[in-house]
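Read through the structure below, which is laid out as structure tokens, and then see the notes.
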Amino acid sequence: MAILDIIEIPDNRLRQISKPVERVTDEHRALIADMFETMYDAPGIGLAAIQVGVPERILVIDLQRPKDPDAPEATSEAEAEKIEYVHDPKVFINPVITWESDELSIYNEGCLSVPAQYADVDRPARIRATWLDETGAAHDAELDGLLATCLQHEMDHLEGILFIDHLSKLKRDMLLKKLEKSRRAKAA
Ligand code: GNR
Ligand code: NI
């Protein structure tokens, strides 16, 4: 297993359209294991293969909710590392959305390819989707909540779309300026 480099904007590879997986192989399963390791290390709740430079329609998601939802929020990295999470790793290969609700939900989204920047995005609150898992088995399910939001965010990556593309130009430009500023501060 290995932690892979996550591509960040403005890398043009993030704008590629990813190709369907024809047959799920051991190479795919090895990539998926590395994607989980990379996502947990980041940390993030989802990762698309293109974010590690592989233009195939493969996503991993683990919402990693705290085991004790009433526990106080961590105020330091040391405290954050002590919190126990419920793991629910999910793999989505060749996902397709077959239905979406008219009702929208707003979530303050972030993206590992747009580091440390967050903005509210409107998306359908509920979706129905089909996909394959890492064994090649087919799934068809209705999803809601953060899982529906996260799957839509990840599926956008397969089309070369980032969450910032859903913002007004004004909000997007402000966010990109903040990103530039934080990168300059880090480099200094
Ligand atoms: O870690 C992530 N958090 C997140 C929060 C709200 C909506 C979507 C996401 S996905 C993101 C990781 C990532 O960039 N996946 O592509
Ligand atoms: Ni993302």
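When a ligand or atom number is given, it counts from 1 through the structure's own listing order.
Residue Arg128 qualifies as open at atom CZ: its count of foreign heavy atoms under 6.0 Å is 12 or below. Within a 6.0 Å radius of CG in Asp102, other residues, nucleotides and ligands contribute 12 heavy atoms or fewer. The environment of Asp5 atom CG is sparse: at most 12 non-hydrogen atoms of other residues, nucleotides or ligands sit within 6.0 angstrom.
Contact annotation: the side chain of Leu47 never approaches that of Ile61 to less than 4.5 Å [non-hydrogen atoms, C-beta and beyond]. The side-chain heavy atoms of Thr130 and Thr98, taken from C-beta on, include a pair separated by under 4.5 Å. The shortest side-chain heavy-atom distance between Met174 and Lys171 does not fall under the 4.5 Å cut-off.
For atom 1 (O) of ligand 1, the nearest non-hydrogen atom of the protein is Ile45 N, 3.0 Å. Looking only at protein heavy atoms, the nearest one to atom 8 (C) of ligand 1 is His153 ND1, 3.5 Å. Of all protein heavy atoms, the one lying nearest to atom 15 (N) of ligand 1 is Glu154 OE2, 2.7 Å. Of the protein's non-hydrogen atoms, Gly110 O, 3.5 Å is the one closest to atom 11 (C) of ligand 1. Ranking protein heavy atoms by distance to atom 14 (O) of ligand 1, first place goes to Leu112 N, 2.8 Å.
Under a 4.0 Å N-O distance rule, the pair Arg126/Glu100 does not qualify as a salt bridge. Using a cut-off of 4.0 Å between Lys/Arg side-chain N and Asp/Glu carboxylate O, Arg57 and Glu159 are scored as salt-bridged.
Proximity to Gly44 (heavy-atom distance under 4.0 Å) selects the following atoms of ligand 1: 1 (O). Atoms of ligand 1 lying under 4.0 Å from at least one heavy atom of Tyr107, given by number and element, are 6 (C). Every atom of ligand 1 with a heavy atom of Cys111 under 4.0 Å away is listed here by number and element: 14 (O).
Distances from the Ni ion (ligand 2) under 2.8 Å pick out these protein N/O/S atoms: Cys111 SG, His153 NE2, His157 NE2.
When non-hydrogen atoms are compared, ligand 1 lies under 4.0 Å from neither the backbone nor the side chain of Phe163. If you look at Glu109 next to ligand 1, the close heavy atoms, those under 4.0 Å, come from the backbone and the side chain alike.
Considering backbone and side-chain N/O atoms, Cys150 never comes within less than 3.5 Å of an N/O atom of ligand 1. Taking only nitrogen or oxygen atoms, main chain and side chain alike, His157 reaches within less than 3.5 Å of ligand 1.
Using modelled atom types, one finds a donor on one side chain and an acceptor on the other under 3.5 Å when comparing His139 with Asp133. Side-chain contact of Asp62 with Tyr40: a donor-acceptor pair under 3.5 Å is present, judged by distance alone.
Between Ile45 and Met39, the shortest heavy-atom contact is C-SD, 3.5 Å.
Of the candidates Gly46, Pro43, Ser113, the one placing a heavy atom closest to atom 12 (C) of ligand 1 is Gly46.
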> Does the pair Glu109 and His153 meet the rule for a side chain to side chain donor-acceptor pair (under 3.5 Å), with working shown?
Replying inline: CA-CA 9 Å; Glu109 296 194 15; His153 171 116; 2.9 Å; yes
